[in-house]
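Keep in mind that the numbers below use all heavy atoms, side chains included, and drop hydrogens, waters and symmetry copies. All figures in this text were calculated on a predicted structure; none of them were measured in a lab. Here is how names work: the chains are called A, B, and so on, in the same order as the sequence lines, proteins then strands, and each is numbered from 1.
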There are 2 protein chains.
Amino acid sequence: MRQAVSPGPFVDVPEPPDLPDPLPEPDVADLRLDRVMAALSDPLRLEIVRRLLLERQEFDHPCGWFGFDRPKSSLTHHFRALREAGLIRQRQYGLERRSHVRVDDIEVRFPGLLALVASWTPPDD
Amino acid sequence: MRQAVSPGPFVDVPEPPDLPDPLPEPDVADLRLDRVMAALSDPLRLEIVRRLLLERQEFDHPCGWFGFDRPKSSLTHHFRALREAGLIRQRQYGLERRSHVRVDDIEVRFPGLLALVASWTPPDD
DNA sequence: TGCTAAGTTCGAGAAAACTCGTACAAGGAG
DNA sequence: CTCCTTGTACGAGTTTTCTCGAACTTAGCA
């Protein structure tokens, strides 16, 4: 069923059971294109989603895995923006809060969008 | 050649020669995904692009054709945001300034993006 | 019992975007 | 010329977003 829903290049990695509950996030039916676009209008957030897509075979990545040179409170802000727009799902593992892209959900509602993000390259200026 | 570049459902309507020069706009190579996303993060602008796509067989549409109940200065603001992001091209015809989506350019740089906008429906709240 | 590490919450300052009124420019019809 | 229409430019007020420091929370470990 999962593959039938998302025939594109992005397929969710199957997850082991008994995971911690996801943090609050919008339901698939409540995803809004304008909100998603706004979340993806920031270069740092584009980079977060891009790298989550490229290295998605690894398990969910904690906030510090990206190596951004920003204060932790700034990162919290941007990850929350992505989660509240519905682009990523976050779960708490002990101290870490790990994230992954909601590939199936986004692909169903906005097919092809993640491919654009995956092929994005950060501006070099 | 044009069809080879853009095999998707969006193909530019051929334009008659001797058109007025377009207003200043970014070159195709300078289109930035984050800028385009920011331009499409506003519901009114999404609606503008959507309706330009749906009724693109008609000729370019002037600002007032949409019938938005907003001050003219607000509309100027939003149309300029779309043009500066590279989503629309604007030409001056006498008094009117007519707009159309840069379908080929966007489709080449961000394939599939316009399909998402075309199938968007404005929020009903 | 502390100590460290990951990340949050709060709040404030700065920057950007949105909205709109007003004044202005310029084409077209009479 | 005069009036009407389409739309711009400017500027101010408001709202949103971004950014970051400081204090706090919690898990794991020695």
Sugar-phosphate, base or nothing in reach of A/H78, heavy atoms under 4.0 Å: sugar-phosphate
First encountered from the 5' end of DNA chain D, between B/P62 and A/K72: B/P62
Sugar-phosphate only, base, or nothing, as touched by B/R80 at under 4.0 Å among non-hydrogen atoms: nothing
side-chain hydrogen bond (donor to acceptor under 3.5 Å, both in side chains) between A/R83 and A/Q90, intermediate numbers included: CA-CA 7 Å; A/R83 175 170 51 84; A/Q90 295 186 284; 2.8 Å; yes
Lys/Arg cation over aromatic B/W120: A/R32, 6.0 Å, 45° cone: no
Where chain A begins and ends its contact with DNA chain C, read 5' to 3' at 4.0 Å from heavy atoms: C/dA5 to C/dT9
A/E25: which of A/R80, A/R89, A/R91 passes salt bridge (Lys or Arg N to Asp or Glu O under 4.0 Å): A/R89
Cluster check B/L95, B/W65: I/L/V/M/F/W/Y, side chain < 4.5 angstrom: no
Closest approach of B/L114 to B/V103 (non-hydrogen atoms, all atoms of both residues): CD1-CA, 3.9 Å
Sugar-phosphate only, base, or nothing, as touched by B/R45 at under 4.0 Å among non-hydrogen atoms: sugar-phosphate
Shared hydrophobic cluster for B/L23 and B/F79 (ILVMFWY, side-chain gaps under 4.5 Å): no
Closest non-hydrogen atom pair, A/L40 against A/L46: O-CG, 3.3 Å
Along DNA chain D, first and last positions that approach a heavy atom of chain A under 4.0 Å: D/dC18 to D/dA27
Pairing of B/R45 and A/D34 as salt bridge, 4.0 angstrom limit: no
